[in-house]
Amino acid sequence: MTRKMKKQSKKNIEQINIYRAIKSSFLLSLCIPIIMLIYGITVWDNALLKIIFIFGLLIFEIIQVTYCVVLYIQVKNNEFDSYFVLYMSYYTITIIMLMLASGFDMKAFSSEIIYMAACAYFVFVPVILERERLIMVSIISIIMISMVVIFKMNVRTVVDVCVIQIGTVFLSRYQHNVSFTKERMSSTLKKKTDVSEHDPLTGLYNRRALEQKANAIWPYCERNKVSVGILAIDIDFFKKYNDAFGHPKGDECLKIVAEVLKNSAQRKTDIVTRTGGEEFIIFVQNTDEQNIVQLALKIRRNLEAKAIPHAYKLVSNNVTISIGAATFVPGYGKSFEKLYEEADKALYAAKNNGRNCIVYNGNLYGRIKNGIAQVITM
């Protein structure tokens with residue numbers, strides 16, 4: 001596994017832990033009052049022990065509610081840097097409190113239910129590194145040994161605690177290995193999927209991914225009469241750019257154009273694609289003539305703002321693009337291929353009409369005069 005993949009895997013584990021910690025704190029904050037009620041109405045032989053137990057549960061409840069709020073705020077603000085410290089402190093405090101509660105339960109009622117629940121919590125809830133796991137196991141062992149000594153528990157209870165503790169050690173190691181293996185496999189699979197669906201140079205979707213996504217949503221758009229559209233985009237005279245500046249500079253130019261396209265088409269449903277060479281496609285949903293033309297003009301303006309010098313000055317001193325746009329509501333005889341064909345024809349018309357412009361439905365947009373885009377009927 002590469003360093004980058006290990007870093008991503010670690011980040012994924014941290015996200016799993018923080019979300020599990022939020023769910024855990026929420027559920028425990030609901031369960032603790034019920035436990036307080038049950039143990040509060042139960043008859044204890046030692047009244048002082050009962051008071052300490054109920055008071056401890058009250059503190060435990062406050063801790064859970066506090067962490068639930070703090071953890072939620074951290075996730076909402078996307079503060080990754082403090083994730084590890086936060087969830088580790090939460091899990092440590094929670095497990096310590098559960099172990100202390102189990103000690104009181106064993107002393108008062110010779111019951112091991114809370115203890116087994118605490119061990120199961122440690123095994124299945126947090127997904128922690130081996131070093132942290134060993135530290136946690138040591139803490140659990142020290143607490144339970146101390147409780148056995150302080151409360152002078154009988155031999156049967158001591159044996160039960162030792163058996164459960166040994167089982168917890170081995171089961172936690174097994175679960176630890178399963179969780180990390182699963183995460184590594186998931187990261188590897190995601191990496192392979194990303195490679196197969198994305199253009200390696202620009203990071204945009206490739207043609208294969210575009211067709212898969214379009215085919216997946218096409219039935220929905222057809223059924224609900226949702227208009228779809230395509231912008232077919234071509235960098236003007238890119239071969240001459242490469243000939244003049246070289247392919248490394250050409251690659252940099254492609255990356256800048258890709259960034260402009262991605263930053264311009266910001267809706268979640270917009271699919272920005274590099275189909276090959278200097279050709280790009282943007283697939284959009286729920287659009288109309290005004291919206292798709294406005295998006296095309298926005299892309300054109302944003303690229304002009306980058307002011308990338310071009311060696312071929314016939315169209316402009318800087319790199320420009322030609323755009324062909326097409327929209328329709330999917331239906332009989334109106335497939336994705338048909339939509340792309342119409343956009344491609346419009347792109348061809350844009351190139352034939354001087355480039356650095358947009359063509360949609362027989363109209364040409366993008367000739368700038370006094371800062372205003374003019375519409376020319378072709």
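None of the values given here were measured: they were computed from a predicted structure.
There is a side-chain donor-acceptor pair under 3.5 Å between Thr327 and Tyr360. Residues Asn356 and Arg300 bring a donor and an acceptor atom of their side chains to less than 3.5 Å of each other. Side chains of Thr202 and Asp199: a donor on one and an acceptor on the other come within 3.5 Å. A donor-acceptor contact under 3.5 angstrom links the side chains of Tyr67 and Ser89, judged on distance only. In this model, a donor atom of one side chain and an acceptor atom of the other lie less than 3.5 Å apart for Ser141 and Gln165.
With ring centers used as reference points, Tyr39 lies under 6.0 Å from Phe53.
His310 places a side-chain N or O within donor-acceptor distance of the main-chain N or O of Tyr312, the cut-off being under 3.5 Å.
In this view, Asp236 and Thr320, Ser322 satisfy the side-chain hydrogen bond (donor to acceptor under 3.5 Å, both in side chains) rule, not counting sequence neighbours. Evaluation of the side-chain hydrogen bond (donor to acceptor under 3.5 Å, both in side chains) rule for Thr269 yields no partner, not counting sequence neighbours. For Asn291, the side-chain hydrogen bond (donor to acceptor under 3.5 Å, both in side chains) partners are Asp288, not counting sequence neighbours. Listed by chain and number, the residues in a side chain to side chain contact (heavy atoms under 4.5 Å, CB included) with Arg207 are Leu210, Glu211, Thr275, Tyr340 (sequence neighbours excluded). By the side chain to side chain contact (heavy atoms under 4.5 Å, CB included) test, Ser25 pairs with Gln64, Cys68, Leu71, Tyr90, sequence neighbours left out. In this structure, the side chain to side chain contact (heavy atoms under 4.5 Å, CB included) partners of Asn352, at least two apart in sequence or on a different chain, are Tyr348. With sequence neighbours left out, Thr157 forms a side-chain hydrogen bond (donor to acceptor under 3.5 Å, both in side chains) with Asn154.
To the nearest 0.5 Å, atom NZ of residue Lys255 and atom CG of residue Leu204 are 12.0 Å apart.
Grouping Ile, Leu, Val, Met, Phe, Trp and Tyr residues whose side-chain heavy atoms lie under 4.5 Å apart, directly or via other members, places Val226 in a hydrophobic cluster with Tyr220. By the 4.5 Å side-chain criterion applied to Ile, Leu, Val, Met, Phe, Trp and Tyr, Ile142 is assigned to no cluster and stands alone. Connectivity analysis of hydrophobic side chains (ILVMFWY, heavy atoms under 4.5 Å, direct or indirect) links Val69 to Ile73. Annotation for Val155: hydrophobic cluster partners, listed by chain and number, are Val159, Val163 (ILVMFWY side-chain heavy atoms under 4.5 Å, direct or chained).
Stacking of Arg355 on the aromatic ring of Phe237 is recorded, both the 6.0 Å distance cut-off and the 45° axial limit being met.
Hydrophobic clustering (ILVMFWY, side-chain heavy atoms < 4.5 Å, transitive): Tyr91 and Met116 are in one cluster. Ile113 and Ile32 fall into different hydrophobic clusters, where Ile, Leu, Val, Met, Phe, Trp and Tyr side chains are chained together by heavy-atom contacts under 4.5 Å.
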Donor-acceptor pairs under 3.5 Å, side chain of residues 123-140 to any protein atom, not counting sequence neighbours: which ones?
from, atom 1, to, atom 2, distance (Å)
Glu130, OE1, Arg133, NE, 3.1
Glu130, OE2, Arg133, NH2, 2.9
Glu130, OE2, Arg173, NH1, 2.7
Arg133, NH1, Val169, O, 3.3
Arg133, NH1, Ser172, OG, 2.8
Ser138, OG, Leu134, O, 2.9

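Two residues are said to be in side-chain contact when any heavy atoms from C-beta on lie closer than 4.5 Å; Met99 and Cys119 meet this criterion.
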